[in-house]
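Below is one structure, written out as structure tokens, with a few remarks after it.
Labels below follow one simple rule: chain letters A, B, ... track the order of the sequence lines, proteins then strands, and each chain is numbered from 1.
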Amino acid sequence: MKSLEDLKKLRESAKRKIDMRQGEADYRIVVGMATCGIAAGARPVLNALLEELDKNHYPAVVTQTGCIGMCTLEPIVEVFDKQGEKTTYVLVNPEKAREIIHSHVGKGEVLQKYTIAATGK
Amino acid sequence: MLADIASTMLDLANNSVRAKATSLRIRLVEEEDKNRFLLWIKDNGQGMDRKLLEKVQSPFFTTRTTRKIGLGIPFAKELAQLCEGRFCLKSKPGQGTLIAIEMKADHWDRPPLGDVGEALSTLIQSAPEVEIRFGAKKNQKRFTLNTTKLKELLDGVRLDSPDVILWIKDYVRQELTKIEMR
Ligand SMILES: Nc1ncnc2c1ncn2[C@@H]1O[C@H](COP(=O)(O)OP(=O)(O)OP(=O)(O)O)[C@@H](O)[C@H]1O
Ligand SMILES: [Mg+2]
């Protein structure tokens with residue numbers, strides 16, 4: 001059972017202290033959340049990313065953006081590393097999103113098979 | 001049309017955020033005795049002038065530059081019409097916008113409610129700085145959520161931290177189940 005009291009506990013949780021020490025994130029993950037993204041299922045994708053981030057304390061932040069301009073390839077997830085290098089993952093679903101974050105952010109390995117390059121477009 | 005009401009809610013609220021709203025009110029109202037389901041969103045964003053207001057209701061105008069058609073408002077209008085309800089879009093430049101979609105609750109084409117908890121938490125994650133007041137009413141039962149209040153309780157912890165966003169999702173799901181909105 002959730003209650004507003006929980007927020008006080010979240011406030012004091014140990015996680016919070018880890019977050020603070022982590023400081024600046026190594027990766028920025030961007031999810032397209034315009035009508036095209038929502039229709040294709042971007043919302044559960046974002047949610048899966050947040051769950052993995054919360055569980056594993058990956059050094060990443062997740063943000064949302066509007067239409068990326070490739071509506072037929074939504075849901076789209078872009079991962080930017082610290083140098084600003086962008087990897088675009090397309091046709092993502094929650095399961096793929098978990099794989100992507102474990103590989104790319106967890107191990108620092110681009111997950112080629114889900115990238116836009118792999119679709120040949 | 002989007003698959004469920006929660007998705008439509010998120011999509012229209014995203015318009016408000018893009019219009020630089022600082023305050024956003026969202027209501028879901030289901031009245032079984034009147035066989036009515038209402039989605040209502042009001043923002044204090046930049047608004048639209050009359051010309052733009054007309055344009056956005058004709059499919060599929062957009063001010064986006066990434067593609068040539070806008071989908072959100074035409075979808076919303078289609079939803080109301082399909083469910084033998086009413087569509088209302090009012091806006092004043094510099095003041096804000098009100099959009100309301102009324103549906104016959106038991107209409108064949110009325111989409112399911114969908115995951116309102118996830119839609120609302122997604123909205124808050126994208127715009128933690130916006131004051132969002134959400135209210136749901138099913139017959140006589142109500143649930144409300146106000147992000148300003150949440151921020152007070154969080155006392156400096158970011159509203160868009162992953163653990164807080166995930167908590168909001170579950171909390172809203174739970175409270176909507178309690179008022180039997182589904
Ligand atoms: N709440 C609002 N306040 C101000 N302007 C709005 C609002 N909602 C919509 N508009 C204007 O109407 C246009 C059309 O909106 P619509 O949701 O149909 O498409 P879009 O948001 O441009 O693209 P899409 O929703 O398909 O991602 C927007 O580009 C914007 O200029
Ligand atoms: Mg829109």
Check whether A/Met1 gets within reach of chain B through its side chain, its backbone, both or neither, counting any heavy atom under 4.5 Å.
-> both
Proximity breakdown for A/Val62 and chain B, heavy-atom pairs closer than 4.5 Å = both
Take A/Glu51 and B/Lys169 through the side chain to side chain contact (heavy atoms under 4.5 Å, CB included) test and state the conclusion after the steps.
-> CA-CA 11 Å; A/Glu51 277 175 10; B/Lys169 179 195 68 182; 3.3 Å; yes
Taking atom CG of A/Asp54 and atom OG of B/Ser161, what is their separation to the nearest 0.5 Å?
-> 9.5 Å
Flag yes if B/Leu53 and B/Ile99 sit in one hydrophobic cluster, no otherwise; membership is Ile, Leu, Val, Met, Phe, Trp, Tyr, and two members link when side-chain heavy atoms are under 4.5 Å apart.
-> yes
With the 4.5 Å side-chain cut-off for hydrophobic clustering, are B/Leu24 and B/Leu89 part of the same group?
-> yes
With only heavy atoms counted, which part of B/Ala127 is less than 4.5 Å from chain A, the side chain, the backbone, both or neither?
-> neither
Path from B/Trp40 to B/Met103 over hydrophobic side-chain contacts below 4.5 Å = no
Relative to chain B, which of A/Asp6, A/Leu46, A/Asn47 shows the most heavy atom pairs under 4.5 Å?
-> A/Asn47
Considering non-hydrogen atoms only, spot the tightest contact between A/Arg11 and B/Leu154 and give its length.
-> CD-O, 3.0 Å
Would B/Leu166 end up clustered with A/Val61 when hydrophobic side chains under 4.5 Å apart are linked, directly or stepwise?
-> no
Are any non-hydrogen side-chain atoms of A/Lys8 and B/Asp155 less than 4.5 angstrom apart?
-> no
Side chains of B/Leu10 and A/Ile38: does their closest heavy-atom pair fall under 4.5 Å?
-> yes
Hey, which of B/Thr8, B/Leu153, B/Asn14, B/Leu12 has the most heavy atom pairs under 4.5 Å with chain A?
-> B/Leu153
More than 12 non-hydrogen atoms from neighbouring residues, nucleotides or ligands closer than 6.0 Å to NZ on B/Lys90, yes or no?
-> no
With sequence neighbours left out, what residues match B/Arg36 under salt bridge (Lys or Arg N to Asp or Glu O under 4.0 Å)?
-> B/Glu31, B/Glu102
When rounded to the nearest 0.5 Å, the distance separating CG of B/Asp163 from NZ of A/Lys9 is 13.5 Å
Is it the case that more than 12 heavy atoms not belonging to B/Glu129 sit under 6.0 Å from its CD atom?
-> yes
Value for CH2 (B/Trp167) from CG (A/Leu7), rounded to nearest 0.5 Å, stands at 4.0 Å
Whether A/Gln64 side chain and B/Leu123 backbone form a donor-acceptor pair below 3.5 Å = no
Inspect the surroundings of NZ in B/Lys42 and state if more than 12 heavy atoms from other residues, nucleotides or ligands are less than 6.0 Å away.
-> no
Report, as yes or no, whether the 6.0 Å neighbourhood of atom NZ on B/Lys141 holds more than 12 heavy atoms from other residues, nucleotides or ligands.
-> yes
Residue, of B/Ile165, B/Asp115, B/Ile168, that accumulates the most heavy atom pairs under 4.5 Å with chain A | B/Asp115
pair A/Met33-B/Asp11: side-chain heavy atoms closer than 4.5 Å = no
Can you name the closest pair of heavy atoms from A/Lys2 and B/Gln174 and give their distance?
-> N-OE1, 2.6 Å
Answer whether the closest heavy-atom distance between the side chains of A/Pro44 and B/Glu118 falls below 4.5 Å.
-> yes
Closest non-hydrogen atom pair between B/Ser7 and A/Arg43, with its separation = OG-NH1, 3.2 Å
Pick one of side chain, backbone, both or neither for B/Lys151, based on which atoms fall under 4.5 Å of a heavy atom in chain A.
-> neither
Show your working on side chain to side chain contact (heavy atoms under 4.5 Å, CB included) between B/Leu150 and A/Leu4 and close with a plain yes or no.
-> CA-CA 8 Å; B/Leu150 295 185; A/Leu4 290 171; 3.8 Å; yes
Smallest separation among heavy atoms of B/Pro162 and A/Leu53, with atom names = CG-CD2, 3.9 Å
Is there a chain of hydrophobic side chains (I, L, V, M, F, W, Y, each step under 4.5 Å between heavy atoms) that links B/Ile179 to B/Phe37?
-> yes
Per-residue contact mode, A/Thr65 against chain B (heavy atom under 4.5 angstrom) = neither
